Amino acid sequence: MTTLTASRPHHTDSRVEREHGFSCRACAAPLSATFVDLGMSPLCNTQIAPDQLHEMEPFYPLRAYVCGRCFLVQLQEFVSPDNIFTEYAYFSSYSTSWVDHARRYVDMAIQRFALGPQAKVMELASNDGYLLQHFVRRQVPVLGIEPAANVAKAAIEKGIPTTIRFFGRTAADDIAREHGRPDLLLGNNVLAHVPDLNDFVAGMKRLLAPNGVITMEFPHLLRLMAENQFDTIYHEHFSYFSFVAVEKVFARHGLAMFDVEELPTHGGSLRIFARHVDNEALPVGERVPALRQREIAEGFLTLEHYSGFGARVNETKRRLLSFLIDAKQRGKTVVGYGAPGKGNTLLNYCGIRTDFLDFTVDANPYKQGKFTPGTRIPILAPDKIRESRPDYVLILPWNLKDEISRAVAYIGDWGGRFVVPIPEVRVL
Ligand SMILES: [Zn+2]
């Protein structure tokens, strides 16, 4: 849920790219086909403090391209990962469903890969230790690799060894020298956040033990497109992967997929299993060719497949605004639930401010008392909903709608209703 990227002098690079056109971060082909253009948007995870309300805020183009050669859907990099990630507001442990997901993963990995006290597990973007803590409890040695000092500090305080740094080839060599090579190298919701994708994947190749396994989870482009999840596009997410696109990136660095699972997390994710290409002790399971064929059959290797997405996104905006305009004209009150990155893409793209949403709430105390970027909607503590008795609660992290609608079920006491915006506006 956090990211991890190699630091590089990208300000100069970006300026050059802007003057000369963009190129694909995976294969370097020139990028010209637009996947979707969401206009100008501020950085989605930069909440505004009260004393910043009178200041201007930078907005950047939020336009996703699709590469005509390798079909990686991607944004260009406008902002340094150093700026985005050295202090990160997302503590993974705040989401109980995510911590449970991590525990189930650890149970699976320990059993499937026979990990014990002699093994070594490393996690890229280990955040506050939400996942590695489960390995520690089961006596499997771990190392977290996390660039955001504030969340890494929380992990270290919990007794989870963590090195604070961005990952790439150089970091991989240093870590291998200081800590050895991992039998399991994992990263959840990090690959999408990597601007220098080739340096990152090359680093994994260099760090992994000869018989080691890599697992990574990231949102699946197939589900993003099928379910209209355009709000998961924001500046911190540089890449949006189909299986065929990610497989090409790994193959370029001598890593082969040997299994893949489709998961319900984050609106539909992939969990890929990779190994060194010459490690045939781990045979390729049937799910790998099956998913590859399914994506090819759906058109993921043709530009035409990507061309209708923008029009569907425009239609979603019109429908959400129609609902909100109608609710306000009937004198109803609407508030938000959550202040996730995806909510900010939605609010900014649709132009939803306090004219529609009185406030939003978030369980993360780090965000409370601040304002959403760009739209400047106050972020309050969840109790505020009980106090103000709104008619509608718009659930911004729609992937957690079941968890949230259970936790806030009391809005039914006064006839309040939940609304989800994605895949289409629906009153629950
Ligand atoms: Zn490409």
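Since this is a predicted model, take the numbers as computed values, not measurements. Indexing begins at 1, ligand by ligand and atom by atom, following the structure's order.
- Within the protein, the N, O or S atoms sitting under 2.8 Å from the Zn ion (ligand 1) are C24 SG, C27 SG, C67 SG, C70 SG.
- Under the side chain to side chain donor-acceptor pair (under 3.5 Å) criterion, the residue pairs touching residues 280-289 are D259-R287, with sequence neighbours excluded.
- With sequence neighbours excluded, the residues satisfying side-chain hydrogen bond (donor to acceptor under 3.5 Å, both in side chains) with D173 are R206.
- With respect to K153 and D128, no salt bridge is recorded, no charged nitrogen being found less than 4.0 Å from a carboxylate O.
- Between Y130 and W98, the ring-plane angle classifies as parallel under the 30° and 60° cut-offs.
- Tested against Q47, the residues R376, Q368, K367 include a single side chain to side chain contact (heavy atoms under 4.5 Å, CB included) partner, K367.
- Legend: residues meeting side-chain hydrogen bond (donor to acceptor under 3.5 Å, both in side chains) with Y392, ordered by chain and number and at least two apart, are R330.
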